[in-house]
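Take a look at the structure below.
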Amino acid sequence: MKKFDALKWLCLLSLIGFIYCFVFDLGYFTLFLDTESNSSQSNSFLNIIIENLSDNGFVFDQYLSSQLKKLYALRIVFDLLAMVGVAFMFFKIKIGWTFYWIFQVAYVLSPYIFLDCDFQISWPYLSGIALIMFPLFNNMIHLVYVLLFMSQRTQLK
């Protein structure tokens, strides 16, 4: 019976997750690419996003649209570079770990840098449009994978 290799399974699961994130980010990038024609449809997904933002006191304008377009383009690049890190780790090359964790952390932090995020002394401590578009809980899975790969770091050459 073959020996269970946790690193290979983690790489496989991470690759599946990155393909999902890549498709998701590419979809949002194309959504924000032409906001005028997408928002003219009555039941478009963009209108749902605009309504969610307005319900939380934010205005969707041309500046926000361009920031979101840039953000999703950057996240696509982070997806691809983190997948390169996963491929290196699959072949047990140590530089893959560096690629992986840098671009995973950048993937999580980029919305809070590109979009408005305010730090407060009182609860909920963070506020802003970044938390509406990218809730903290949704980004935690990326940090969990960084910790999982950290546990397998000794297998890398």
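Heavy atoms only: backbone and side chains are in, while hydrogens, waters and symmetry mates are out. Throughout, numbering of the chain's residues begins at 1 and tracks the sequence.
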Closest heavy-atom contact between Leu143 and Val105? CD2-CG2, 4.5 Å
Leu53 versus Met133: any side-chain heavy-atom pair under 4.5 Å? yes
Could you give the distance from CG (Leu115) to CZ (Phe58), rounded to the nearest 0.5 Å? 10.0 Å
On a heavy-atom basis, which atom in Phe18 and which in Gln104 lie closest, and how many Å separate them? CZ-OE1, 3.3 Å
Under 3.5 Å: donor-acceptor pair, side chain of Tyr100, backbone of Phe88: no
Pair Tyr112, Leu131 - check side chain to side chain contact (heavy atoms under 4.5 Å, CB included), show working. CA-CA 8 Å; Tyr112 307 105; Leu131 290 172; 3.6 Å; yes
Give, for atom CZ of Phe24 and atom CZ of Arg75, the distance between the pair rounded to the nearest 0.5 Å. 8.0 Å
Within the 4.5 Å heavy-atom criterion, are Leu68 and Phe60 side-chain neighbours or not? yes
Donor on one side chain, acceptor on other, Asp79 and Tyr20, under 3.5 Å: no
Is Ser65 reaching over with its side chain to a backbone N or O of Asp61, donor-acceptor style, under 3.5 angstrom? no
Tightest non-hydrogen contact, residues Asn52 and Asn56, listed as O-ND2, 2.8 Å
Closest non-hydrogen atom pair, Tyr107 against Pro111: O-CD, 3.5 Å
With a 4.5 Å limit on heavy-atom distance, are the side chains of Phe134 and Ile129 in contact? no
Honestly curious: do Ile48 and Ile132 fall in one hydrophobic cluster under the side-chain, below-4.5 Å linking rule? yes
Mind checking the CG-CG spacing from Leu80 to Asp25? Nearest 0.5 Å is all I need. 10.0 Å
If you count every heavy atom of other residues, nucleotides or ligands that lies below 6.0 Å from Trp97 atom CH2, does the total exceed 12? yes
Any side-chain heavy-atom pair of Leu10 and Gln152 under 4.5 Å: yes
Going by heavy atoms in the side chains, are Leu71 and Ile113 under 4.5 Å from each other? no
According to a 4.5 Å side-chain heavy-atom criterion applied to Ile, Leu, Val, Met, Phe, Trp and Tyr, with indirect links allowed, do Leu13 and Val144 form part of one hydrophobic cluster? yes
Check Lys94, Met89, Lys92 against Gln155 for a side-chain contact (heavy atoms from CB on, under 4.5 Å) and give me the one that passes. Lys92
As a test of understanding, state which of Tyr28, Phe29, Phe22 forms a ring-ring contact (aromatic ring centres under 6.0 Å, His included) with Tyr72. Tyr28
Does a side-chain heavy-atom distance below 4.5 Å link Met140 with Tyr145? no
Would you give the length of the straight line joining atom CD1 of Ile95 to atom CG of Leu156, rounded to the nearest 0.5 angstrom? 11.0 Å
State, with a plain yes or no, whether a side-chain heavy atom of Val77 is found less than 4.5 Å away from one of Phe103. no
Can you see which heavy atom on Phe99 is nearest to which on Gly85, and at what distance? CB-CA, 3.6 Å
Check Val86 against Ser14 and note the closest heavy-atom contact, atom names and distance. CG2-OG, 3.5 Å
Ile50 versus Leu46: any side-chain heavy-atom pair under 4.5 Å? yes
